[in-house]
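Side chains are part of it too, since the values below use all heavy atoms of this structure and drop only hydrogens, waters and symmetry mates.
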Amino acid sequence: MPVPPMCQSCGLPMEIASEHGTEPDGSLNFEYCCHCYRKGRFIEPNLTVDDMLQRMAGIVQTEMFLPPKKALDVARTFVPQLKRWQRG
C-alpha cells in the first residue's frame, strides 16, 4: 500500500484531494495540506517552528494518548525535518 504524501508544514498525511492545499488558480498543492496552505499562501505565515511543535505535540498527545513531554518528543522527531522548517 503506497504511503500518502505528508504535509511539509505540519506532517499530516494527505490521503485524498480535499486534504491538499491549493494554489491561487485552485489547483492542488502536493507539498502542503489544506490546514496550512490555501490559495498559494500559508494560512499562518508568521507561525514559527516552535508554534508548530506545540500544536503537533497536542495532536500527538490526543491521538496517541501520550503524556505531554513524550508527545513533544515525538513532534520533535518530525516537525523540524519538514520542508517549511528547514533552515538554510
> What is the distance from atom CG of Leu28 to atom CE of Met14, rounded to the nearest 0.5 Å?
Replying inline: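 Result: 9.5 Å between the selected atoms.
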
> If you measure from OH on Tyr32 to CD on Glu23, what distance do you get to the nearest 0.5 Å?
Replying inline: 10.0 Å

> Picking from Ser18, Pro5, Cys10, what satisfies side-chain contact (heavy atoms from CB on, under 4.5 Å) with Cys33?
Replying inline: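 So the option named by the test is Cys10.
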
> Taking only residues at least two apart or on different chains, which pairs with a member in residues 8-18 satisfy salt bridge (charged side-chain N to carboxylate O under 4.0 Å, His left out)?
Replying inline: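 Not a single pair qualifies under salt bridge (charged side-chain N to carboxylate O under 4.0 Å, His left out).
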
Determine all donor-acceptor pairs shorter than 3.5 Å in which one atom belongs to a side chain in residues 39-49; sequence neighbours excluded.
| from | atom 1 | to | atom 2 | distance (Å) |
| --- | --- | --- | --- | --- |
| Glu44 | OE1 | Arg55 | NH2 | 3.3 |
| Glu44 | OE2 | Arg55 | NH1 | 2.6 |
| Glu44 | OE2 | Arg55 | NH2 | 3.2 |
| Thr48 | OG1 | Asp50 | N | 3.4 |
| Thr48 | OG1 | Asp51 | N | 3.0 |
| Thr48 | OG1 | Asp51 | OD1 | 3.4 |
| Thr48 | OG1 | Asp51 | OD2 | 3.1 |

Quick one: are [X] and [Y] in side-chain contact, heavy atoms under 4.5 Å?
{"X": "Met64", "Y": "Ile59", "value": "no"}
{"X": "Leu72", "Y": "Met56", "value": "no"}
{"X": "Leu53", "Y": "Arg76", "value": "yes"}

>> Check for me, please, whether Tyr37 and Val79 land in the same ILVMFWY cluster - side-chain distances under 4.5 Å, paths through other members count.
In response: no

Search all heavy atoms of [X] against all heavy atoms of [Y] and return the closest pair with its distance.
{"X": "Pro68", "Y": "Gln61", "result": "CG-NE2, 3.5 Å"}
{"X": "Phe78", "Y": "Gly11", "result": "CE1-CA, 4.2 Å"}
{"X": "Ser9", "Y": "Cys36", "result": "OG-SG, 3.6 Å"}

> Taking it one step at a time, do Met6 and Leu82 satisfy side-chain contact (heavy atoms from CB on, under 4.5 Å)?
Replying inline: CA-CA 9 Å; Met6 179 187 316; Leu82 300 172; 3.9 Å; yes

> Got a donor-acceptor contact below 3.5 angstrom from the Thr62 side chain to the Gly58 backbone?
Replying inline: yes

> Would a distance-only check, ignoring hydrogens and angles, find a side-chain to backbone donor-acceptor pair under 3.5 Å from His20 to Asn29?
Replying inline: yes

>> My understanding is that only residues two or more places apart in sequence, or in another chain, count here; which of them pass salt bridge (charged side-chain N to carboxylate O under 4.0 Å, His left out) with Lys83?
In response: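 Residues passing salt bridge (charged side-chain N to carboxylate O under 4.0 Å, His left out) with Lys83: Glu31.
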
